[in-house]
Amino acid sequence: MQFEAKIEVSPRDGIANPEGSTIERSLPALGFEMTRNVRVGKLIRFEVEAESADAARSLVEDMCNRFLTNPVIEDAAVEVLET
Amino acid sequence: MQFEAKIEVSPRDGIANPEGSTIERSLPALGFEMTRNVRVGKLIRFEVEAESADAARSLVEDMCNRFLTNPVIEDAAVEVLET
Amino acid sequence: MSAAPEDASVHRALGLSDEEYEQIHELLGRHPNHLELAMYSVMWSEHCSYKSSKVHLKRLPTEAPWVLVGPGENAGVIDVGDDIAVAIRIESHNHPSAIEPYQGAATGVGGILRDIFTMGARPIAVMDPLRFGPLDDPRSRWIAEGVISGVSGYGNSVGVPTVGGEIVFDETYKGNPLVNVLAMGVLPSERLVLGQASGVGNLAILLGAATGRDGIGGVSVLASAGFDENSEGADKRPSVQVGDPFEEKRLLEACLELLDEGLVSGIQDLGGAGITCATSETASRGGAGMDVDVSAIHSREEGMEPFELMTSESQERMLAIVEPEHLEKVLEISAQWEITASVIGRVTGNGQLRIMDGFEGEVLAELPASTLHDDAPEYNRPMSPPDDLTERRLRDASQGPANCVEDLLALVCDPSWVYSQYDHQLFLNTVVGPGNDGTLLRLRHPSTGEETGRGLAMSTDGNHRWCYVDPRQGTKMIVAEAVMNIACVGANPLAVVNCLNFGNPEHPEIMWQLSESVDGMSEACIAFNAPVVGGNVSLYNETNAVDIAPTPVVGVLGVHPDLSEPPPGIGLPPDSLLLVLGQEPESDVSMGGSRWAWEVGCCKDGVLPEFDLDHAVRTAAFVAESVQKQRLKAVHDVGEGGLAVALAEMAIRSGIGAKIKNHDNHISMFNESGGRVLVAIENRELDDFVKTAAARGVTAKVIGETGGSSLQFGPMVDVSLESLTVASENQLPEALGQGTVNA
Amino acid sequence: MTQRVGVIRFPGTNCEFDTIDAVRALGGEAEILWHSDSSIKNVDAIVIPGGFAHGDYLRCGAIARFSPVMEAVSDFALAGGPVLGICNGFQVLTEAGLLPGALQKNAGMKFLCSMQQIEFVSTQNVVGKGSQVGDCLQIPINHFEGNYVCSPEILSRLETQEQIVFRYTDNPNGSIKDIAGICNEAGNVVGMMPHPERATSDLLGSNDGAALIQSFLSV
Ligand SMILES: Nc1ncnc2c1ncn2[C@@H]1O[C@H](COP(=O)(O)OP(=O)(O)O)[C@@H](O)[C@H]1O
Ligand SMILES: [Mg+2]
């Protein structure tokens, strides 16, 4: 079966997020004053072939842990949808 | 009111996504052969203060178009949740 | 292969005029089909065919005994001795950068690098002359930041150091930035390869990235059309290309390895007009023809039409011409570098370019390969000076509120915010990097790495103010400035490349500017004995029908004959004498075209100061000689902002000030009389130095001495180094890096 | 002193020949080790040089660390062999788990290429021989992701076990505790963001990197 995997990679709590802070710092100058706590992460999507939704999910989680994220600085949220 | 904005930025269809293709090329060597069409985008989250959900949404969309993305090459999906 | 006479809207939409269509009709002896029409339209575009500028470019001097390859190939190549050849080229990526600054600049760097390794050279340096709208315009800031990150992001990653450039902000570039990129590479002289296909039966192999729909029609739509507020937008957007420096790096290594192993007989990069250009150019240069199988092209998307495959400008691709017996080895090296390689063409003997669906399949297009280039139209467009030229020249540019201290503080600007984002040290060659006058690199043998004890120097220079006031003399002065910059690091010039950034060629005054500029460049290049070995023309630089000020940009390459010691640098030494070398400004020197007049005085007209080209030639030679003989303690040429800005830069660098006699009014401080160089020498050297200068026919005048913690002009003008340093360092960081909006 | 140094080349690496030049100029021998080979050919020491292995896509070093050669490098390191990761090489070593922590984007969100002063914090490692704690060196940096981060536990271990090798005297990138380079517990694996190979000639502005490479060649 075909699944669509979507992985949200976010900076871990407590780890500085230079990208987010830089955006946040520049917002007031651009007239966006009402925003706070900007965090920038990554969004990874792909199609995956697996026997079942469970199998797809565990495959994607394995990819996440071994390769797609670095647990020292990142957290991941995995979503797998049948297509 | 306080809202949580979440923006998914993805490369527009038809635009090359070198990062995604490079990841895709390296997956088989790691034993992940069943994946295709890898695309990497950005995930931006922040808190925003606005009068209403509509106001928050239009503020965030404005930020997206003018600042956070370049609509020429990127698509953005905006989500705004009350917190 | 016949096609019905078609309705004129098709060729017009493709940017071909009715006359051009008629010419194609005649060349083929029949009506072209849509694929053929698309191929002519991209190849006959201004960008690919130089149809408006060709007649003028012919007047440039292009020959010297050391020129191995002049204009017309992918890059110019010169012999620098010790069996080393240097390939150099400059190109513009102005229009793409206006729409997507990061990718526009990134793909500009990628494109110019391919021009260099196409010649068999390993690229070892990039330079990026950049011009943007004013810093107080948010969109201009957005463009500037995107472009700078694009150069940094692509150049650093592909692994070629960016060793110099320019950064200029002016109203004239609002909406139409100029993003020029120069690249230089070295190769063993014997390995020079040309982009040609010969040998019937040889294979054309497409290497690198998959072909996508990006950049379809980019040549005619993106590169040759001006912008106005309405058309800038949705319809052009899908044409943006995304650069992949990692693909380019692997492609570069793979191609150099193929050349090292002697496996290719011709090689050509894919740039404007994509596969159409590469296949027809290689074939017609080699006097051959080619069959191209569109179905063999590896593509990124499904269902691409032949015309899309043939005109796509997808980045990071090369075409190699290979004898069949080398095919296997070529595929092996490609695989090692993870480069996709497809055999897409076969060299034929009949001079025809045939596009086919399978080598035995249907013929989709057939035309004489050479007609795409050699028969491209050539226009001698009408030209005339602007109507108000005489009037403009009568205006006095020296008027305005002059406060010498404040003006000086406003005119100093440290560009390190830009170049500190560029790797400028890779390959361990950079003796003098960005932030000085010329860049100076160690010259080492490309295959053995052996040092020659000599150096390669480069500088890029342009000046739209001078060229707006007087395109002919202004261009002479920028060539002189570029040469003076490399003289300051001890080098003598060998060759020039140029990028002619002008407005709409359908405006007669633009063609006049271009023609004048070419003549000025010719005269200066002849005087400096530095032929033009390559260049690029970018026209239609306009926003809402307003043309940019004429902006020819030149890059000069030279050699330092004995690099045992680094040059003295620009920093002022303590307790020394300061001299100005070169032509002395007339007593009533004009401020026309000066930065002071444009940015402080607010008069853009007038005339340029008198300029003595021969004196500049002698001065450059004397400066280079003095640096080589290590007789100077500091040296810096005088350019934009005149004497005062040059001195300020020298003082800021070392933290040592100076006392200047006289020169205490805005005219003598900020005039931009050309061909001058500031030098510091020890007191006891004075007599001998002035004598040598005189013997070389160079005027040398003591103007003051170094020391102290401020810069003083006469008794009245006194600026502390601290305030100068703060003003200079803060200019860019205060404006850039603070967040920008794209609208 | 005829150390044979293996210099790893991934697709996208770009400082491999500079590193070789510097090693040779200081009397060592050097050869390229290709990333897809699984052997390190009996070299005496390994440098993972700077550059953009695999384009730095996903994360710097994330793809490179799966290259076949890295298994051999890991075995070599665990057996006590000298390994130096410079810039991108440092990033690869953290991704491979041979050094703790991670390198993220510079605090200023800009690539930085500039001369930087660094100070020796510990010399109990393969680049410290002949140097003193407190020695200051002028060595260029050239990176976008040089901002070292780690958990508080790891940080205190780095501090108590003298695993911080260098710190910046003027922190350019936001790195925690100004860290410019660290080593493993045994001191045989060092990762540093500054490029010592770029500081091996007065003509190029500094010769301070020579001491580090010399030390590396003599262990
Ligand atoms: N965009 C840029 N990229 C790299 N280096 C730059 C850039 N802009 C300016 N520089 C460097 O800053 C120095 C000063 O630039 P500029 O004032 O244009 O020099 P000059 O007036 O001597 O031609 C030069 O060394 C130049 O190479
Ligand atoms: Mg200069």
Side-chain angles (χ1 to χ4, degrees), chain C residues 122 145 148-149 151-163 244-254 335-339 416-435 440-442 444 449 451 453 455 563-567 733 736-737 739, chain D residues 9-22 24-25 30 32 34-37 49-58 60 63-64 67 87-88 106 108-116 139-145 172 194-206 209:
Chain C
R122 175 174 285 279
E145 281 185 23
I148 292 162
S149 345
V151 172
S152 159
Y154 198 101
N156 298 346
S157 176
V158 77
V160 182
T162 301
V163 298
D244 181 356
F246 178 49
E247 179 82 34
E248 177 106 337
K249 169 70 172 168
R250 288 180 288 117
L251 186 61
L252 185 166
E253 296 298 343
Q336 186 207 333
W337 287 103
E338 299 171 31
I339 287 294
S416 63
W417 189 88
V418 180
Y419 63 74
S420 64
Q421 298 184 52
Y422 303 156
D423 181 350
H424 48 79
Q425 303 166 328
L426 187 67
F427 302 142
L428 309 187
N429 291 328
T430 312
V431 177
V432 179
L440 183 62
L441 306 176
R442 292 197 290 181
R444 296 193 291 159
E451 289 195 43
L563 189 48
S564 44
E565 286 283 321
L736 299 172
Chain D
R9 185 183 207 191
F10 302 100
T13 296
N14 63 31
C15 298
E16 67 273 45
F17 295 109
D18 293 2
T19 307
I20 288 177
D21 282 351
R24 289 190 181 146
I32 293 280
W34 182 241
H35 78 120
S36 64
D37 290 346
F52 290 72
H54 296 275
D56 273 358
Y57 288 133
L58 189 59
C60 306
I63 301 177
S67 284
C87 197
N88 198 218
N106 297 342
M109 281 303 289
K110 279 199 302 157
F111 190 100
L112 289 175
C113 177
S114 61
M115 188 61 89
Q116 212 68 41
I139 301 193
I141 56 164
N142 185 67
H143 60 246
F144 205 141
E145 283 95 355
H195 285 258
E197 84 280 8
R198 293 188 178 191
T200 51
S201 150
D202 289 327
L203 199 55
L204 303 180
S206 169

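Every chain is numbered from 1, with letters handed out A, B, ... down the list of sequences. All values below were derived from every heavy atom in this structure, side-chain atoms included, with hydrogens, water molecules and symmetry-related copies excluded. From a predicted model like this one, the values you see are computed outputs, not experimental measurements.
For chain C, the nearby part of D:R9 is the side chain; its heavy atoms alone come within less than 4.5 Å. Within the 4.5 angstrom heavy-atom criterion, only backbone atoms of C:S564 (N, CA, C, O) approach chain D. Looking at C:S420, the atoms closer than 4.5 Å to chain D (heavy atoms on both sides) sit in the backbone and in the side chain alike. Heavy-atom distances place no part of D:S36 under 4.5 Å from chain C, backbone and side chain included. For D:N142, the part sitting under 4.5 Å from any heavy atom of chain C is the side chain, from C-beta outward, and nothing else.
The greatest number of non-hydrogen atom pairs below 4.5 Å with chain C, out of D:P11, D:S201, D:S114, is found for D:P11. Annotation: maximal heavy-atom pairing with chain C below 4.5 Å, among D:D21, D:N88, D:D56, occurs at D:D21. Heavy-atom pairs under 4.5 Å with chain D peak, among C:D244, C:L563, C:V158, at C:D244. Heavy-atom pairs under 4.5 Å with chain C peak, among D:F52, D:F17, D:Y57, D:F144, at D:F52. Of the listed residues (C:R442, C:E565, C:Q336), the one with the most heavy-atom contacts under 4.5 Å to chain D is C:Q336.
With sequence neighbours left out, C:W417 forms a ring-ring contact (aromatic ring centres under 6.0 Å, His included) with no residue at all. Applying the salt bridge (charged side-chain N to carboxylate O under 4.0 Å, His left out) test to C:R250 and every residue at least two apart in sequence or in another chain returns C:E247.
Of the possible polar contacts, none joining the C:D423 side chain to the C:N156 backbone as a donor-acceptor pair under 3.5 Å is found.
One distance of note links CZ of D:F111 with CD1 of C:I148; it measures 15.0 Å at 0.5 Å rounding.
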